[in-house]
**Student:** 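Structure incoming, see below.
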Amino acid sequence: MAHTRVRFAPSPTGPLHIGGLRTALYNYLFARQTGGTFILRIEDTDQTRYVPGAEQYILESLAWAGIQPDEGPRAGGDYAPYRQSERKHIYRKYAEQLIASGHAYYAFDTPQELEARREQARQAGNHNFKYDSSVRLEMRNSLTLPAEEVARLIESGAPYVVRLKVPRGEMITFRDRIRGEVQFHSEELDDKVLLKSDGMPTYHLANVVDDYLMKITHVIRGEEWLPSTGHHVLLYRAFGWTLHMPEFAHLPLILKPNGKGKLSKRDGVRLGIPVFPLAWQGDTPEDSFAGFREFGFLPEAVVNFLAFLGWNPGTDQEVFTLDELCRAFSLDKVSKGGARFDFDKARWFNQQHILRMDSRELARRVRPWIEKYGPQPDEDYLVAFCELMKERVTLLPDFWTEGYYFFVPVQQYDEAAIKKRWKPERRPAMEGLVAALENLTDWTAEAIGQTIKQYLTDHGLKFGDVLPFVRLALAGTMKGPGVNEMIALLGKETTLQRLRAGLDLFDRLVTASVESAD
RNA sequence: GGCCCGUUCGUCUAGGGGUUAGGACGCCACUCUUUCAAGGUGGAGACACGGGUUCGAUUCCCGUACGGGCUACCA
């Protein structure tokens with residue numbers, strides 16, 4: 001196969017949707033796997049929908065996910081510029097070439113005239129007005145107007161568009177990498193606007209021209225583009241570029257959790273789940289959203305999760321690094337049906353990636369989530385903490401909520417557990433243990449374990465007789481890492497102090513409940 | 001409405017003319033453990049429907065149903 005060149009071509013109209021990120025990911029994986037080039041092209045041809053900051057957001061999202069473009073507005077490349085607004089001058093030439101060859105025409109119908117025409121069709125019971133071969137000869141365009149009139153209109157600066165002259169009676173067939181052969185009757189296609197009255201191209205023209213100019217070999221995009229691919233094929237034919245036509249691969253959509261429609265930003269706010277990679281600050285609170293990053297997802301996990309929404313390697317392996325995905329990915333294994341967004345599965349992927357991540361690397365990711373609350377733990381302490389906690393969290397904020405007591409005093413004791421278990425008779429045994437620990441100098445989990453075990457056997461006690469109370473005094477909760485490790489990390493001073501304070505608290509709680517029971 | 005695409009456990013999916021239809025998430029149980037997790041074991045749980053083709057269809061074909069996408073001077 002010739003050198004593959006694929007592009008991700010988002011429109012900067014707002015934050016990049018998670019579905020868009022997946023499209024970018026698949027393009028990236030395909031490029032990496034085939035040793036090809038991954039290109040980012042900004043499709044900003046709609047000036048009315050342009051949102052400042054959106055392009056920056058796209059760049060940051062891709063960077064966060066670890067899928068950097070080889071060519072693009074930031075990265076540069078031999079086919080620059082990569083922003084369609086900066087390529088505006090290119091498209092007109094191609095539009096005129098099409099007019100000259102009889103594949104397109106000027107149309108002067110105003111939006112009002114078109115609307116009137118649509119309304120007229122509605123009156124006649126046709127709710128599906130199309131500007132196509134059946135009506136174009138009734139409209140105001142270079143096909144119906146005398147040549148002098150057309151020239152006069154253009155010279156006088158009258159607004160016009162260029163439309164594709166879709167031929168009659170042709171069958172348009174193309175092979176989609178994912179769906180096989182797809183066909184359209186040319187009769188069903190309307191005369192799409194190619195060049196808008198503001199001089200900008202529409203997606204259809206810009207897309208085909210740029211893909212040709214940038215030597216794109218594979219167009220991997222969402223299924224919502226499937227219906228207009230017929231027009232695109234026609235365009236390649238009209239330009240005489242059929243031999244350079246890229247291979248198409250239309251990806252299944254990412255659906256709402258209930259399966260009804262494609263996932264939208266509304267679903268995010270409605271269900272309290274992220275549908276964007278990063279937070280987006282809109283003009284209003286309703287237009288601002290948290291992203292996967294802010295929810296505490298690792299980019300590795302999001303990438304893994306997204307990769308599996310519509311693709312699978314055909315093996316039992318589910319947890320993949322980006323590199324592994326690059327190697328395992330194949331367009332042929334992309335499924336056809338839409339995939340529902342499953343937040344629980346996303347959480348599971350995150351848990352898996354946390355679990356497998358090197359603790360030192362993990363500590364780097366976790367640090368902001370701890371410092372957010374004040375503490376600034378030193379590196380080794382944080383690494384050790386991550387080592388203890390990583391198998392009991394799913395999202396990054398859990399490190400704090402589940403293990404805050406490693407950084408600050410216990411805020412809340414599980415009083416129900418204490419009242420249920422604590423017997424004041426246990427106090428001497430606990431005090432003895434405190435004394436034993438106080439004498440210990442080798443403050444490691446192993447030595448601590450030895451000391452506790454020795455003490456228990458010496459006094460005929462079982463683990464269950466004291467350990468739950470050690471845990472409660474140290475962490476306030478019955479949950480958490482092994483007691484030995486917990487003691488070792490907390491340090492001698494904190495451990496002894498919390499144990500002593502705990503004993504007093506336990507007694508107080510139990511006597512209080514006895515009194516209230518009277 | 002028209003056109004296009006799709007349909008295997010609740011979800012993501014493997015599979016493919018003859019299988020006990022496999023895995024993962026979630027759920028349940030058990031196990032391990034001082035606890036919570038993680039891990040291990042086990043369980044419930046699916047081929048949308050109707051016709052063909054065939055000795056035999058979940059698998060191939062055709063319909064139907066259902067779902068989705070598109071139907072702009074938006075991408």
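Computed from a predicted structure; not experimentally measured. Here is the naming used below: chain letters follow the sequence lines, and residue numbers restart at 1 for every chain.
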**Student:** Name each donor-acceptor pair under 3.5 Å that joins a side chain in residues 159-169 of chain A to protein atoms two or more places apart or in another chain, with its distance.
**Tutor:**
| unit_1 | atom_1 | unit_2 | atom_2 | d |
| --- | --- | --- | --- | --- |
| A/Y160 | OH | A/R92 | NH1 | 2.9 |
| A/R163 | NH1 | A/D191 | O | 2.7 |
| A/R168 | NH1 | A/S133 | OG | 3.3 |

**Student:** B/rA37 and B/rA46: how far apart are their P atoms, nearest whole angstrom?
**Tutor:** 29 Å
**Student:** How close or far is atom P of B/rG67 from atom CG of A/L263, stated in whole angstroms?
**Tutor:** 19 Å
**Student:** Just call it for A/K192: base, sugar-phosphate, or nothing, with non-hydrogen atoms closer than 4.0 Å on any strand.
**Tutor:** nothing
**Student:** Heavy atoms under 4.0 Å, any strand shown: does A/K262 hit a base, just sugar-phosphate, or nothing?
**Tutor:** sugar-phosphate
**Student:** Students often get this wrong, so: under 4.0 angstrom with heavy atoms, is A/Q352 touching a base, only sugar-phosphate, or nothing?
**Tutor:** sugar-phosphate
**Student:** What's the gap between B/rG10 and B/rG6 when it is taken at their P atoms, as a whole Å value?
**Tutor:** 23 Å
**Student:** Which part of the nucleic acid, if any, lies within contact of A/Q351, taking any heavy atom under 4.0 Å across all strands shown: a base, the sugar-phosphate backbone alone, or nothing?
**Tutor:** sugar-phosphate
**Student:** If you look only at pairs with a residue in residues 110-120 of chain A, which of them pass as a salt bridge (Lys or Arg N to Asp or Glu O under 4.0 Å), with sequence neighbours excluded?
**Tutor:** A/E113-A/R140, A/E115-A/R118, A/E115-A/R122, A/R117-A/E138, A/E119-A/R122
**Student:** What residues form a side chain to side chain contact (heavy atoms under 4.5 Å, CB included) with A/K479, not counting sequence neighbours?
**Tutor:** A/E402, A/T477
**Student:** For A/E115 and B/rA72, give me the distance from atom CD to atom P, rounded to whole Å.
**Tutor:** 11 Å
**Student:** Quick test: give all pairs of protein nitrogen or oxygen and nucleotides 5-8 of chain B nitrogen or oxygen below 3.5 Å, distance rounded to 0.1 Å.
**Tutor:**
| unit_1 | atom_1 | unit_2 | atom_2 | d |
| --- | --- | --- | --- | --- |
| B/rC5 | O2' | A/R179 | NH1 | 2.5 |
| B/rC5 | O2' | A/E223 | OE2 | 2.9 |

**Student:** Go nucleotide by nucleotide along RNA chain B from the 5' end; which of A/G261 and A/V334 gets its closest nucleotide reached first?
**Tutor:** A/V334
**Student:** Measuring only the C1' atom in each nucleotide, how far is B/rC47 from B/rG15? A whole number of Å is fine.
**Tutor:** 11 Å
**Student:** Any side-chain N or O of A/N128 under 4.0 Å from OP1/OP2 of B/rU71?
**Tutor:** no
**Student:** Quantified in whole Å, what is the C1' atom distance between nucleotide B/rU59 and nucleotide B/rU53?
**Tutor:** 13 Å
**Student:** Mind checking the P distance from B/rA57 to B/rG68? Whole angstroms is fine.
**Tutor:** 32 Å
**Student:** Taking CZ from A/R22 and C1' from B/rC12, how many angstroms apart are they, rounded to a whole number?
**Tutor:** 12 Å
**Student:** With the side chain of A/A339 defined as its heavy atoms from C-beta on, choose the nearest nucleotide among B/rC73, B/rU13, B/rA75.
**Tutor:** B/rU13
**Student:** Need one value for A/F308: base, sugar-phosphate or nothing, where a base atom within 4.0 Å counts as base even if backbone is also close, heavy atoms only.
**Tutor:** sugar-phosphate
**Student:** Nearest whole Å is fine: how far is B/rG1 P from A/R122 CZ?
**Tutor:** 17 Å
**Student:** Would you state whether a donor and an acceptor, one from the side chain of A/K345 and one from the base of B/rA24, lie under 3.5 Å apart?
**Tutor:** yes
**Student:** Can you tell me how the ring of A/W311 sits relative to the ring of A/F329, calling it parallel under 30°, perpendicular over 60° and tilted otherwise?
**Tutor:** tilted
**Student:** Within the distance-only criterion (no hydrogens, no angle test), does the side chain of A/D109 pair as donor or acceptor with the backbone N or O of A/M139 below 3.5 angstrom?
**Tutor:** no
**Student:** Looking at A/F343, A/F305, A/W369, which hits ring pair (Phe, Tyr, Trp, His ring centres under 6.0 Å) with A/F297?
**Tutor:** A/F343
**Student:** At under 4.0 Å between heavy atoms, what does A/F341 touch on the DNA or RNA strands: base, sugar-phosphate, or nothing?
**Tutor:** nothing
**Student:** Taking only side-chain nitrogens and oxygens of A/S335, does any of them come within less than 4.0 Å of OP1 or OP2 of B/rU13?
**Tutor:** yes
**Student:** Look at the side chain of A/D267 and the backbone N and O of A/V275, then say whether any donor-acceptor pair between them is shorter than 3.5 Å.
**Tutor:** no
**Student:** Under 4.0 Å between any heavy atoms, over every strand shown, what does A/D414 touch: base, sugar-phosphate, or nothing? Just pick one.
**Tutor:** nothing
**Student:** Using the P atom as the point on both nucleotides, what is the distance between B/rC9 and B/rC5, in whole Å?
**Tutor:** 22 Å
**Student:** Which residue lies toward the 5' end of RNA chain B, A/E43 or A/V393, if each is placed at its nearest nucleotide?
**Tutor:** A/V393
**Student:** Given the P atoms of B/rG1 and B/rU64, what is the spacing between them in whole Å?
**Tutor:** 13 Å
**Student:** If pairing requires Watson-Crick or G-U wobble contacts with both distances under 3.5 Å, which nucleotide is the partner of B/rG39?
**Tutor:** B/rU31
**Student:** Counting any heavy atom closer than 4.0 Å, what does A/G230 reach on the DNA or RNA strands: base, sugar-phosphate only, or nothing?
**Tutor:** nothing
**Student:** Given that both distances must come in under 3.5 Å, which nucleotide forms a Watson-Crick or G-U wobble pair with B/rG63?
**Tutor:** B/rC49
**Student:** Could A/R87 and A/D210 be called an ion pair, given the rule that one side-chain N must be under 4.0 Å from one carboxylate O?
**Tutor:** yes
**Student:** Between B/rA72 atom C1' and A/H231 atom NE2, what is the distance in whole Å?
**Tutor:** 12 Å
**Student:** Across the strands shown, which category fits A/K130 at heavy-atom distances under 4.0 angstrom: base, sugar-phosphate, nothing?
**Tutor:** nothing
**Student:** Of the candidate nucleotides B/rA38, B/rG67, B/rA75, which contains the atom at the shortest distance from the side chain of A/E224?
**Tutor:** B/rA75
**Student:** For residues 165-194 of chain A, pull every pair meeting ring-ring contact (aromatic ring centres under 6.0 Å, His included), keeping only residues two or more places apart or in separate chains.
**Tutor:** A/F174-A/F248
**Student:** Checking contacts here: which listed nucleotide (B/rC12, B/rA14, B/rG68) is nearest the side-chain heavy atoms of A/L253?
**Tutor:** B/rG68
**Student:** Ignoring backbone atoms, establish whether A/R347 has a side-chain N or O less than 4.0 Å from OP1 or OP2 of B/rC25.
**Tutor:** no
**Student:** Quick one: is A/T45 getting a side-chain N or O under 4.0 Å of the B/rA75 phosphate, OP1 or OP2?
**Tutor:** yes
**Student:** Any salt bridge between A/K336 and A/E223, counting N to O under 4.0 Å?
**Tutor:** no
**Student:** Does this structure show an ion pair linking A/K420 with A/E415, if we count only N-O contacts that are shorter than 4.0 Å?
**Tutor:** no
**Student:** Taking atom C1' of B/rG15 as reference, at what distance in whole Å does atom CG of A/D332 sit?
**Tutor:** 16 Å
**Student:** Whole-Å distance between B/rA38 P and A/F399 CZ?
**Tutor:** 14 Å
**Student:** Please list, for nucleotides 32-34 of chain B, all pairs of protein and nucleotide N/O atoms separated by less than 3.5 Å.
**Tutor:**
| unit_1 | atom_1 | unit_2 | atom_2 | d |
| --- | --- | --- | --- | --- |
| B/rU34 | N3 | A/R471 | NH2 | 3.1 |
| B/rU34 | O4 | A/V483 | N | 2.9 |

**Student:** Would A/K345 and A/D342 pass as an ion pair if we require N to O under 4.0 Å?
**Tutor:** no
**Student:** Are A/Y236 and A/H232 close enough that their ring centres sit under 6.0 Å apart?
**Tutor:** no
**Student:** Return the nucleotide paired to B/rC3: Watson-Crick means purine N1 to pyrimidine N3 with N6-O4 or O6-N4, wobble means G-U with N1-O2 and O6-N3, both under 3.5 Å.
**Tutor:** B/rG69
**Student:** Rounded to whole angstroms, how far apart are CD on A/E391 and P on B/rG40?
**Tutor:** 12 Å
**Student:** Using the P atom as the reference point in each nucleotide, state the distance between B/rG45 and B/rU7 in Å, no decimals.
**Tutor:** 25 Å
